[in-house]
Trainee: 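Structure provided below as structure tokens; questions to follow.
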Amino acid sequence: MNFRRMRFFAAAFVSTVVLWGMSSSLFAAAPKVVVSIAPLHSLVAGVMEGIGAPTLLLKGMASPHDYALRPSDAAMLADADIVFWIGTPLEGFLEKPLWASKTRNVALIGAPDVRFYPAREGGVWKGDDHAHEEHCRGETSINPCVWADPHIWLDPANAANMTDAIARELSKFDAENSKRYAANAAALRQRLTTLDHEIEQMLAPVKRAPFIVFHDGYQYFEKRYGLNGVGAITVNPEQKPSAQRLRALRDKVRQSGVVCVFAEPQYSDGLVKSIVEGTTARYSIWDPLGSRIAPGRDAYFLMMRQLAESGRRCLNDKSAD
């Protein structure tokens, strides 16, 4: 090997080492971020793109309604720089560990301009139930809004405001990358606006069609797009509904001409089938967590489009299989 070639390979080696060291340094400097659920993790991943990658706590079919924290989870929370979660009304299992660990945590149900609705009562709703909206103000730690319906991410307008809050919190910890966080958040807001318009057009033809959900987790989706949800099989997925509640829902299916009853992949569809049995109603799947979608910055958008498409097909006779 001649001298010129040896010099070329030596320079290439040095350049590779330098570049590797720079990228490793940048990644090491990124904050260690843990996020509770997949839709929220998607938003955080989008804000952190090009800087670092957040860690998702609840994976696959895990549900925040019944999750049991493992020792490895607790260690991960304690080691994090920031934990993003919705708040006590959804991930109650996180309240004590976060308080004990003293890790910086951001309950996004309390983020500025994020709207929330009070949780609905009973299995059968009237059209004007809790039509007003409220706000949880100024809480970025353990959140007191325990009476709120916590499924705030199912409104893209809320997701956009949560995105801004995520960028602000990351910039407080990692000021050197604040411009990148802000630019990523702006790009995400644009994607969310486009998504919102797409879903509005998809669901416009089925706004009046009445439906029942497995658990009352879709209020924000319903109100955002003017949908006609008339009841839920259960308030808490871990508690079996009473016989009286099931009778009331069967009556609602018949009297209101319910078109579809939505099950969830994390739970048995036995109750859903029992309600539609002997009626003209169909059933389909709604998954507000995107449990079958690979985690990442696109997961929120895929999950919302799946909700809209499933709703459009099941609520529209012409598009049903």
Trainee: Would you call Arg120 and Glu222 a salt bridge, taking side-chain N to carboxylate O under 4.0 Å as the test?
Mentor: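 So Arg120 pairs with Glu222 through a salt bridge.
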Trainee: Can you tell me how far the CG atom of Leu170 sits from the CD1 atom of Ile51, to the nearest 0.5 Å?
Mentor: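 Rounded to the nearest 0.5 Å, the CG-CD1 separation comes to 7.5 Å.
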Trainee: Any side-chain heavy atom of Phe301 sitting closer than 4.5 Å to one from Leu192?
Mentor: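 Yes, close enough: below the 4.5 Å cut-off.
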Trainee: Within the side chain of Ser310, is there an N or O that forms a donor-acceptor pair under 3.5 Å with the backbone of Trp286?
Mentor: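 No, the answer is negative, given that no donor and acceptor are paired below the 3.5 Å cut-off.
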Trainee: Check this for me: does any side-chain nitrogen of one of Arg189 and Asp164 sit under 4.0 Å from a carboxylate oxygen of the other?
Mentor: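 Asp164 and Arg189: salt-bridged.
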Trainee: Would you find a donor on one side and an acceptor on the other, under 3.5 Å apart, between the side chain of Ser178 and the backbone of Ser171?
Mentor: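 Answer holds: no.
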Trainee: Tell me, do Leu154 and Pro288 make a side-chain contact under 4.5 Å, heavy atoms counted?
Mentor: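 Yes - at least one pair of side-chain heavy atoms lies under 4.5 Å apart.
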Trainee: State yes or no: do Leu40 and Leu195 share one hydrophobic cluster built from I, L, V, M, F, W and Y residues joined by side-chain heavy-atom distances below 4.5 Å, directly or via other members?
Mentor: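 In one cluster with Leu40: Leu195, yes.
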Trainee: Find the distance between CG (Leu57) and CG (Leu69) and round it off to the nearest 0.5 Å.
Mentor: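 Output value for this atom pair is 6.5 Å.
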Trainee: Is there side-chain contact between Ile199 and Phe221, with heavy atoms separated by less than 4.5 Å?
Mentor: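 Yes, side chains in contact.
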Trainee: Could you tell me whether the side chain of Thr279 and the main chain of Ala281 form a donor-acceptor pair under 3.5 Å?
Mentor: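 Answer holds: yes.
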Trainee: Nearest 0.5 Å, what's the CG-CG distance between Leu43 and Leu108?
Mentor: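 Leu43 atom CG to Leu108 atom CG measures 8.5 Å (nearest 0.5 Å).
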Trainee: Going by heavy atoms in the side chains, are Tyr300 and His41 under 4.5 Å from each other?
Mentor: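 Answer no - side chains too far apart.
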Trainee: Should Asp81 and Lys32 count as an ion pair when the cut-off is N to O under 4.0 Å?
Mentor: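 The answer is no: the pair does not qualify as a salt bridge.
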Trainee: Within the side chain of Arg282, is there an N or O that forms a donor-acceptor pair under 3.5 Å with the backbone of Cys260?
Mentor: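 No, Arg282 side chain to Cys260 backbone: no donor-acceptor pair under 3.5 Å.
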Trainee: Within 45 degrees of the ring normal and closer than 6.0 Å to the centroid, is that where the cationic atom of Arg104 sits relative to Phe173?
Mentor: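 Judged by the rule, Arg104 and Phe173 form no cation-pi pair.
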Trainee: Less than 4.0 angstrom from a charged side-chain N to a carboxylate O is my criterion; do Arg191 and Asp298 meet it?
Mentor: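 Here Arg191 pairs with Asp298 in a salt bridge, since their nearest N and O are under 4.0 Å apart.
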Trainee: We want to know whether His215 and Glu264 form a side-chain donor-acceptor pair, criterion being a heavy-atom distance below 3.5 angstrom.
Mentor: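 Judged by distance alone, the side chains do pair up.
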Trainee: Any sub-3.5 Å donor-acceptor pair from Lys59's side-chain atoms to Leu56's backbone N or O?
Mentor: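 At least one qualifying donor-acceptor pair exists.
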Trainee: For the side chain of Ser101 and the backbone of Leu98, is there at least one donor-acceptor N/O pair under 3.5 Å apart?
Mentor: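 Side chain of Ser101 to backbone of Leu98: a pair is present.
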Trainee: Under a 3.5 Å threshold, yes or no: a donor from one side chain and an acceptor from the other, between Asp149 and Gln219?
Mentor: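 Yes, a side-chain donor-acceptor pair sits under 3.5 Å.
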Trainee: Please determine whether ring-ring contact (aromatic ring centres under 6.0 Å, His included) holds for the pair Phe214 and Phe262, giving the CA-CA distance in whole Å, both sets of side-chain angles, and the decisive distance to 0.1 Å.
Mentor: CA-CA 6 Å; Phe214 178 71; Phe262 291 98; over 10 Å; no
Trainee: Okay, side chain of Trp153, backbone of Pro39: is any donor-acceptor separation there less than 3.5 Å?
Mentor: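 Here the side-chain-to-backbone pair does not exist.
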Trainee: For the residue pair Glu309 and Gln306, establish whether any side-chain heavy-atom pair is separated by less than 4.5 Å.
Mentor: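 No. Closest side-chain heavy atoms not under 4.5 Å.
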Trainee: Under 4.5 Å between any side-chain heavy atoms of Leu315 and Phe211, yes or no?
Mentor: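 Yes, side chains in contact.
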Trainee: Can you tell me how far the CG atom of Leu271 sits from the CD1 atom of Ile212, to the nearest 0.5 Å?
Mentor: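 The distance works out to 12.0 Å.
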Trainee: Does the side chain of Asn177 pick up a donor-acceptor pair with the side chain of Asp174 at under 3.5 Å?
Mentor: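 Note: Asn177 and Asp174 side chains meet the donor-acceptor criterion.
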Trainee: Is Thr163 reaching over with its side chain to a backbone N or O of Ala159, donor-acceptor style, under 3.5 angstrom?
Mentor: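 Pair found, side chain donor or acceptor close to backbone of Ala159.
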Trainee: I'd like to check Ile82 versus Thr103 (side-chain heavy atoms, cut-off strictly below 4.5 Å). Are they in contact?
Mentor: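 Not in contact.
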Trainee: Please confirm whether Lys223 makes a cation-pi placement over Tyr117, using NZ or CZ under 6.0 Å from the six-membered ring centre and within 45° of the ring normal.
Mentor: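 That pair qualifies as a cation-pi contact.
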Trainee: Run the side-chain hydrogen bond (donor to acceptor under 3.5 Å, both in side chains) test against Ser36 and tell me which residues pass, sequence neighbours left out.
Mentor: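 In terms of side-chain hydrogen bond (donor to acceptor under 3.5 Å, both in side chains), with neighbours along the sequence ignored, Ser36 is linked to Glu91.
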Trainee: Using a distance-only test with no angle check, is there a side-chain donor-acceptor pair under 3.5 angstrom linking Tyr225 and Asp196?
Mentor: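 Side-chain D/A pair, Tyr225 to Asp196: present.
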Trainee: Given Val261, which of Val276, Asp269, Val213, Leu249 fulfils the side chain to side chain contact (heavy atoms under 4.5 Å, CB included) condition?
Mentor: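 The option that passes is Val276.
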Trainee: For Gln190, is there any backbone N or O sitting under 3.5 Å from a side-chain donor or acceptor partner on Thr194?
Mentor: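 Indeed, once roles are kept as given, a pair shorter than 3.5 Å links the two residues.
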Trainee: Will you find, in the side chains of Ser63 and Tyr267, an N or O donor that is under 3.5 Å from an N or O acceptor?
Mentor: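 Short answer, yes.
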Trainee: Between Arg245 and Ile233, is there a donor-acceptor pair closer than 3.5 Å when you use the side chain of the first and the backbone of the second?
Mentor: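 Checking the backbone N and O of Ile233 against the side chain of Arg245, a donor-acceptor pair under 3.5 Å is found.
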Trainee: How about Met162 and Ile86: do any of their side-chain heavy atoms sit closer than 4.5 Å?
Mentor: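 Counting from C-beta outward, Met162 and Ile86 do come under 4.5 Å.
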